[in-house]
Protein chains: 2
Amino acid sequence: MCVTGFIRGDSLRITMAKIAELAGVSKATVSRVLNSSGYVSENTREKVMKIVREFNFVPDARAVNLSKSMTRTIGLVLPSTSGPFYMEVIRGIEDVLAFDGYYMLLMTFEASKNKNETRKKYKSLLEEKRVDGLIVFDPEADEPFVQQMARIKKPCVYLGREYQKIPIDTVSADNETGSRLMMLHLLETHGFRKVAFVRGPLDSYHGMERFKGYRKSLTEWGIKCDDELVFCGNFTREGAEMVAESIFSAKPEAIFASNDEMALGIIHKAKQLGYSLSDMPAIVGFDDAPWAEHINPALTTVRQPMYDIGRTAARLIMDRLSDNGHKAPMKVKLHTNVVVRESCGCFKNRFE
Amino acid sequence: MCVTGFIRGDSLRITMAKIAELAGVSKATVSRVLNSSGYVSENTREKVMKIVREFNFVPDARAVNLSKSMTRTIGLVLPSTSGPFYMEVIRGIEDVLAFDGYYMLLMTFEASKNKNETRKKYKSLLEEKRVDGLIVFDPEADEPFVQQMARIKKPCVYLGREYQKIPIDTVSADNETGSRLMMLHLLETHGFRKVAFVRGPLDSYHGMERFKGYRKSLTEWGIKCDDELVFCGNFTREGAEMVAESIFSAKPEAIFASNDEMALGIIHKAKQLGYSLSDMPAIVGFDDAPWAEHINPALTTVRQPMYDIGRTAARLIMDRLSDNGHKAPMKVKLHTNVVVRESCGCFKNRFE
DNA sequence: CTGAAAGCGCTTACAG
DNA sequence: CTGAAAGCGCTTACAG
């Protein structure tokens, strides 16, 4: 059986109409066979499947999407892919999406110069129905914008912040408490009293949260927050190396860098300045970067449950998609925890 | 002007037909305005845009895709997201896609148990026209399967391998030459003659390539390839730690682990066994993992240009998409290079 | 159990 | 410069 115009196995231009014609049935029947929906006699099912296989026919997803009014795709927006742990978020999300047969559209802020352009772009992902739902990690998005996102009334969860006043799903880790847990370790376990803090960029939401935790802890312990012990960084290693000397000259017992990159820079500088591992002040970070356990001394830091954040967010989206019930927005908050290694002074110099 | 059934700003159920009706023109005209295609009088353009803005109308991408017969989406398939450098590939690809206004659909092997299932899935991405093109990093895909991919006759580039006999675009880094460059460094610069090699899983294509480079170098230098110096690993740190002791007892001058994870495991074990940094044999890796420069000693390793691989692949796809010329498949091969740090013996113990 | 027909929401020649 | 109409390739009540 050779039909003019088509080559077997060439799925390029074959459509359901052709399959129907060749099988001697209607498009509706082919559709039923392919979707296992409605009744089809075993006989015609066979007949149809034979042709389908012969031509390796695969329905056009764009047409299916339009008809069924869905896409089986979830958008994911991340600040970057190179960050230490965004990959964990992706993994958490993919695990649940793959299970439900959904696809993931990935977009980052990295490739574009203008953040607001990127925001417009991810917003339209939802508006133009290119995705059924959206997961966004954009902690610098301001409230009016997030309000707009909420008004689209499509499944959308923001990661990393709570936006308490906005009716939108969020999943975040408690950065402030993370800071406080670290301070607890430094103040209680080690008995330090003079703890320096290296801030991130002042417009960073998480940087702010972490700093708040530091200050509140000091207050709780009745320690005055000394401005001389608070330093400005920009979350980069280089930036931290620049201020490292002035930090050292303030003679702190411990240095709390608000991310691991900066902690690394400070440790590096300390070595350059001739500090040995044993007389270096305690230096701790935040994030638990993939290399944090490998550096020398191994870095004590705060870990955010990135995988769980991704997983929880994806679950939330899937729920919204199936229930389509108008449940109240959820504000999920996950725990951070301190990963104790060597750089705080615990287990110091195990192999030396 | 309040139209029944619609709330301003509610883009949920408004379609082009409604916009046309409200603006008192035809759908065709609205389409022309929105796409800036064909002639439209300034007057009607204004009229239409006013309504469009008022209702925040965004055309349904699914319908556009179906009509225009495209999706502006490229699929990307990766072994995992947690690997050391896949993120670089993503970044390279995204940089060019974002520039051309394309979207990226990401899929990994990680979330699924069965590799062949995943292959079927990414193949259908192209068949069902969910994406316009596909970039695949799946070095374990066998030739018959890749043949099938080639026959789909849609833009598709395979990363990491050449598949010389198959007419399909590929972009890969030269792993074998990478190994040889490393061996050159070990043999020539350091004058080592007794170099152990730790293989990856035997079914790994890259593992094979790297091993070949090792053997060829030895042959070239007239050194007999001693089986006693070749060890089996599985690309994991734990696996390497298991064989580390037997490696040491063979007393090699240098140990070439065919990836960084294994090098790390061996270094770790060496420390545990009491080796000091100065009497440890040279230990080098492959991949340049993000933490490779941070460990102690800093790891000498081979670097693949992952960003360039991604970028090149995306460019290739974009070209295919615009030209739609039937140019011959391209086999792009990029260079690897040795990153010299401390673990080979160069700059040993700078800060000690 | 099966088919004719309308519909999903756009685009694009073709007339005028 | 603009509109009527066909088309993209499916799905889905509705009849029978």
Side-chain angles (χ1 to χ4, degrees), chain A residues 5-6 10-49 51-52 55-72 124 126-132, chain B residues 5-6 10-49 51-52 55-72 124 126-132:
Chain A
F6 294 104
D10 177 355
S11 65
L12 272 195
R13 329 208 91 247
I14 192 135
T15 69
M16 202 149 119
K18 293 296 173 188
I19 296 291
E21 189 187 329
L22 294 173
V25 297
S26 71
K27 289 186 300 176
T29 299
V30 177
S31 175
R32 285 190 198 100
V33 170
L34 260 22
N35 294 300
S36 319
S37 65
Y39 299 92
V40 187
S41 78
E42 194 47 45
N43 194 16
T44 64
R45 174 188 307 283
E46 283 299 314
K47 213 165 52 182
V48 170
M49 283 311 290
I51 306 289
V52 165
F55 289 84
N56 186 27
F57 171 65
V58 181
D60 187 317
R62 297 165 306 183
V64 175
N65 288 345
L66 184 57
S67 294
K68 287 201 177 167
S69 196
M70 41 91 91
T71 62
R72 282 202 156 283
S124 76
L126 222 41
E127 291 172 332
E128 67 183 11
K129 302 169 184 64
R130 195 178 283 276
V131 299
D132 295 337
Chain B
F6 294 104
D10 178 354
S11 66
L12 271 195
R13 330 209 89 246
I14 192 137
T15 69
M16 201 149 120
K18 293 295 172 189
I19 296 291
E21 190 187 327
L22 294 173
V25 298
S26 71
K27 288 186 300 175
T29 299
V30 177
S31 176
R32 285 191 199 99
V33 171
L34 259 23
N35 295 299
S36 318
S37 63
Y39 299 91
V40 187
S41 78
E42 194 47 46
N43 194 16
T44 64
R45 173 188 309 283
E46 283 299 315
K47 212 164 52 183
V48 170
M49 283 311 290
I51 306 289
V52 165
F55 289 85
N56 184 27
F57 171 65
V58 180
D60 187 317
R62 296 165 308 183
V64 175
N65 288 345
L66 185 57
S67 295
K68 289 201 175 167
S69 195
M70 42 91 90
T71 62
R72 278 200 156 309
S124 75
L126 222 41
E127 291 172 332
E128 66 182 12
K129 301 170 184 64
R130 196 177 282 276
V131 299
D132 295 336

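Sequence lines set the chain letters: A, B, ... in the order given, protein chains first and strands last, and positions in each chain run from 1.
- Partners of B/S67 by side chain to side chain contact (heavy atoms under 4.5 Å, CB included), not counting sequence neighbours: none found.
- Atoms CG (A/N65) and P (C/dC10) sit 15 Å apart, rounded to a whole Å.
- Atom CZ in B/R32 sits about 11 Å away from atom C1' in C/dC14, given to the nearest Å.
- Every residue meeting the side chain to side chain donor-acceptor pair (under 3.5 Å) condition with B/S26, not counting sequence neighbours, appears here in chain and number order: B/T29.
- Taking atom CD of A/E128 as the reference point, atom P of C/dT11 lies 11 Å away to the nearest angstrom.
- Atom CD in A/E21 sits about 19 Å away from atom P in C/dT2, given to the nearest Å.
- For A/D132, the salt bridge (Lys or Arg N to Asp or Glu O under 4.0 Å) test picks out no residue, with sequence neighbours left out.
- Nucleotide C/dT12 holds its C1' atom 15 Å from the CE atom of B/M70, rounded to whole Å.
- The two residues B/K27 and B/A17 make their nearest non-hydrogen contact at CG-CA, 3.9 Å.
- Of the side-chain N and O atoms in A/T29, one or more sit less than 4.0 angstrom from OP1 or OP2 of C/dG3.
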Please, what dot-bracket string fits DNA chain C when only Watson-Crick and G-U pairs with both distances under 3.5 Å count, crossing ones use [ ] and pairs to another strand use |? |||.||||||||.|||
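- Separating the CG atom of A/N43 from the P atom of C/dC1 is a distance of 12 Å, rounded to the nearest angstrom.
- Taking atom OH on A/Y39 and atom C1' on D/dA13, their separation rounds to 15 Å, with Å as the unit.
- OP1 or OP2 of C/dT11 has at least one side-chain nitrogen or oxygen of B/N35 nearer than 4.0 Å.
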Determine, stepwise, if the pair A/R130 / B/N65 fulfils side-chain contact (heavy atoms from CB on, under 4.5 Å). CA-CA 10 Å; A/R130 195 178 283 276; B/N65 288 345; 4.0 Å; yes
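- Residues passing the side chain to side chain donor-acceptor pair (under 3.5 Å) test with B/S41, sequence neighbours excluded: B/T44.
- Pairs passing the salt bridge (charged side-chain N to carboxylate O under 4.0 Å, His left out) check and including a residue from residues 55-66 of chain B, sequence neighbours excluded, read B/D60-B/R62.
- Listed by chain and residue number, nothing satisfies the side chain to side chain donor-acceptor pair (under 3.5 Å) test with B/S69 (two or more places apart in sequence, or in another chain).
- Within the structure, the salt bridge (charged side-chain N to carboxylate O under 4.0 Å, His left out) test picks out the following pairs touching residues 34-47 of chain A (sequence neighbours left out): A/E42-A/R45.
- Distances shorter than 4.0 Å separate some side-chain N or O of A/S41 from OP1 or OP2 on C/dT2.
- Listed pair B/S31 / C/dC10 fails the phosphate criterion, with no side-chain N or O lying under 4.0 Å from OP1 or OP2.
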Name the pairs: protein N/O against N/O of nucleotides 5-9 of chain C, kept only if under 3.5 Å.
residue: C/dG7; atom: N2; partner: A/S67; partner atom: OG; Å: 3.4
residue: C/dC8; atom: O2; partner: A/S67; partner atom: OG; Å: 3.4
residue: C/dG9; atom: N2; partner: B/S67; partner atom: OG; Å: 3.2

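- In this model, the phosphate group of D/dT2 is approached by a side-chain N or O of B/T44 to a distance below 4.0 Å at OP1 or OP2.
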